[in-house]
Each structure stands twice: as structure tokens, then as C-alpha cells.
Amino acid sequence: MSALPHLYSFRRCPYAMRARLALAASGLPFELREVALRSKPAELLAASPKGTVPVLVLPGGEVIAESLEVMLWALRQHDPQGWLEPDGASLADMLALIAECDGAFKQQLDRYKYPNRFAAEADAAGLDRTGFAHAQRT
Ligand SMILES: N[C@@H](CCC(=O)N[C@@H](CS)C(=O)NCC(=O)O)C(=O)O
């Protein structure tokens with residue numbers, strides 16, 4: 001078993017980025033284990049059978065398999081830049097902002113980035129693929 005927490009990560013995954021950023025901001029030592037999503041190592045799947053990254057495995061064997069939980073685990077121990085409670089805002093404010101980014105913002109971002117995947121939904125709602133209402137034809 002590793003003496004340091006180790007983080008299974010994929011470089012371009014935004015959720016893994018969130019975990020890496022929070023760990024870096026916390027200053028806590030950890031071992032980074034970059035993986036290829038197409039051939040996930042058996043240790044990753046043994047730790048977290050759902051097979052997503054990031055996954056943080058603690059020295060005692062505890063597994064944290066959600067990026068938000070990794071972020072909170074790290075910053076609750078050491079948060080020198082005050083990410084969880086910046087000046088003028090509370091932890092509840094920060095969690096609400098994250099929830100908005102993960103929810104409504106991500107939903108709209110996906111529709112902007114991948115309009116063809118959501119064409120049927122846009123058609124049903126009377127929207128064109130940019131999210132604007134279809135122009136009235138006279
Ligand atoms: N809710 C998870 C989402 C993690 C997630 O979806 N990660 C993607 C990569 S960005 C993943 O591992 N997908 C599995 C795969 O592609 O096989 C979290 O916040 O940690």
C-alpha cells in the first residue's frame with residue numbers, strides 16, 4: 001500500500017483537473033497516476049468499479065471516487081488560498097456555484113459544443129441548434 005494518497009487521473013478530464021487543482025492548491029503531498037481511459041489499470045477498477053476518474057486512494061485504503069469529494073477532502077485539510085470560503089462568500093455559496101457549473105452550465109455547454117447530439121431535443125422544443133427559437137416564416 002502506498003504511503004501517500006494516490007490519484008488516478010486522466011490529463012484532459014475536467015473532473016480530474018478539478019481534483020488535481022484542489023490537491024495542488026491544498027499543498028498536500030500525493031502521487032499522481034495518469035491512466036489511459038481505454039485501458040484502465042486493474043488497480044483503478046479494483047478501487048472503483050464504476051471506472052471513472054478521478055479516484056483518490058488514501059493510505060488506509062479509503063477510496064474517494066467523485067471529483068467534488070476529492071476537492072473537499074483536500075481543501076478541508078488545508079486551504080491556504082481560501083477556495084472553500086473566499087472573502088465575502090460562504091462554503092454554501094461555493095457549493096452552489098459548483099452545482100450551477102456542474103448542472104445548468106454544463107448542460108448548456110454540451111448543447112453548444114455538440115449540437116448534433118441534441119438535434120432531436122432542439123427540434124422538439126422549437127429551437128434551432130444554437131438554442132434560439134426558430135425564426136418565424138411569413
Ligand atoms: N461525477 C464524476 C464524473 C467523472 C467522469 O465522468 N470522468 C470521465 C472522464 S472526464 C470518465 O472517467 N469516464 C470514463 C470513461 O471514459 O471510461 C466526477 O465528478 O468525478
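Numbering of ligands and ligand atoms starts at 1, following listing order. Keep in mind that this is a model prediction, so the values were computed, not measured.
- Scored by the salt bridge (Lys or Arg N to Asp or Glu O under 4.0 Å) test, Glu62 finds no partners at all (sequence neighbours excluded).
- Here the closest non-hydrogen pair linking Leu4 and Pro59 is C-CG, 3.9 Å.
- The two residues Tyr8 and Glu43 come nearest to each other via the heavy atoms OH-CB, 3.3 Å.
- Across Leu84 and Met94, no two heavy atoms sit closer than the pair O-CG, 3.2 Å.
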Show me the donor-acceptor pairs, under 3.5 Å and distance only, between side chains in residues 44-51 and residues at least two apart or in other chains.
from	atom 1	to	atom 2	distance (Å)
Lys50	NZ	Thr52	OG1	3.2
Lys50	NZ	Ala65	O	2.9
Lys50	NZ	Glu66	OE2	2.6

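- At a 4.0 Å heavy-atom cut-off, the residues surrounding ligand 1 are Cys13, Pro14, Tyr15, Leu37, Lys40, Gly51, Thr52, Val53, Pro54, Glu66, Ser67, listed by chain and number.
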List the atom pairs, donor and acceptor, that lie under 3.5 Å between side-chain atoms in residues 16-24 and the rest of the protein, sequence neighbours left out.
from	atom 1	to	atom 2	distance (Å)
Arg18	NE	Ser67	OG	3.2
Arg18	NH1	Asp102	OD1	3.2
Arg18	NH1	Asp102	OD2	3.4
Arg18	NH2	Ser67	OG	3.0
Arg18	NH2	Asp102	OD2	3.1
Arg20	NH1	Ser9	OG	2.7
Arg20	NH1	Phe10	O	3.3
Arg20	NH2	Arg11	O	3.0

